[in-house]
Amino acid sequence: MNAPGLYELQKRMAAAVMRPLTLDEQMRRRDERNRSIADEVDSFIKPNDRLNSFERLEIYNRQYWFRLFSSFEEDFPGLKSIVGSRRFDRLMRAYLHEHPSRSFTLRNLGSPLVAWLRENPEHAQPDTDTAIAMAALEWAHIEAFDNEQRPALTVEAIAALDDSTCLSLQPYVRLVEAPCAVDDALIALRDASQGAGAQASNAVGIHLVRRTRSSKPAPGQIYLAVHRHENSVYYKRLQCEDYLLLQAFERGSSLGEAIEAAFTDSPLSEEDRLAHVQSAFQYFMHMGWLCEPLPTEAG
Amino acid sequence: MKNSFKAMMLSAAVSGMLSGTTPSLHAASLHNGAQQLGQAALSSSAMQDQDKDKHACKGKNDCKGQGGCKAGDNGCKGKNSCKGKGGCATDGSKKH
């Protein structure tokens, strides 16, 4: 087969395998233009002695989607616990319909989820803000786990700083704010799942029953840095001023702009602000969270 | 923010960064900071304690599947409908 012929065949196969399933998770009988999929499949897939062409392709079509579903569920158990299993199932299908896998890795499957939930809040009801914050935390966890680590600021670079110097936040440090304690809720959910998993591991054939709804996260605004330290992911609660500082650096602000943004509405006294800013920057550097912007970021 | 206070904040930020870059400076600064700066320093020195962070994935290998580890294929749990049906053969004529 020549190269264009092979490419066309691969395109047809990919389109067939990645075509969305029916609601009862079977392969569709008709395509988007109401053409018979069986006829299409017969033209390029042979039957065997037990399955016809349609049935053979259906196996791959279903496995493709089952893999996406299970990966998505694995990445967002906290979101599922908040919206509940049924709504989560609808949410997942609607999301994957609009944002099908386009990456070589399933790691990126949930990349636009938070933005999509903000545009489609009906899928995150009734605790919409909590659900979106949980999704943001779960996506931040994925990014913190394997985002790039750049060289931290050097002493020489710090010594040359002035208020117009732009700084950048390490890509593996992700910031999340939430109207309730989604961090505690997610950790509790993971602990519960692991406990259930450990119990089930000794009993072959026993179905693992997971809690699909957690108790509501405790209300109260929180600010988080989700970061990686020695190859583990941590959720670090921040004070509002620290969060605003880091958020400003994430935007590529200068040192002076970041301090202005963080303390303009701060209730801290001037004396406390000085102590706070010194201690905060000491911590940021201790953790290696600040770095120089890339040439493209610095503009 | 007044310019003079802004300059003081900037100095505090830079001195904090410098003290955060080396372990010896870091330790000394923490000690002095806690003594001299009262409640604010104490609360923020608590920020230095890594143990105060919430470890998001306790236990061994708990970060598996949290991104970047999608190589393991457990996605077909309980749904492996192709077993024994020949669906995996590349040649339609192949018999199992």
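Just so you know, these numbers come straight off a predicted model, no measurement behind them. Protein chains get the first letters and strands the later ones, always in sequence-line order, with residue 1 at the start of each.
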**Student:** Side chain, backbone, both or neither: which part of A/L290 has an atom under 4.5 Å from a heavy atom of chain B?
**Tutor:** side chain
**Student:** For A/D162 and B/L10, which heavy atoms make the closest approach, and how far apart are they?
**Tutor:** C-CD2, 4.2 Å
**Student:** List the atom of A/L153, the atom of B/M17, and the distance in Å for their closest heavy-atom pair.
**Tutor:** CD1-SD, 4.0 Å
**Student:** Tell me every residue that passes side-chain contact (heavy atoms from CB on, under 4.5 Å) with A/A262, counting only those two or more places apart in sequence or in another chain.
**Tutor:** A/L244, A/L245
**Student:** Mind checking whether A/L274 and B/M8 have side chains closer than 4.5 Å, heavy atoms only?
**Tutor:** yes
**Student:** So how far is it from A/L161 CG to B/S11 OG, rounded to the nearest 0.5 Å?
**Tutor:** 11.5 Å
**Student:** Just verifying a value: how many Å separate A/Q282 CD and B/L18 CG, rounded to the nearest 0.5 Å?
**Tutor:** 10.5 Å
**Student:** Roughly how far apart are A/F281 CZ and B/S19 OG, rounded to 0.5 Å?
**Tutor:** 11.5 Å
**Student:** Write down the atom of B/K6, the atom of A/G256, and the distance for their closest heavy-atom approach.
**Tutor:** CE-O, 4.1 Å
**Student:** Please list, chain by chain and in numerical order, all residues satisfying side-chain hydrogen bond (donor to acceptor under 3.5 Å, both in side chains) with A/N108, sequence neighbours excluded.
**Tutor:** A/S103
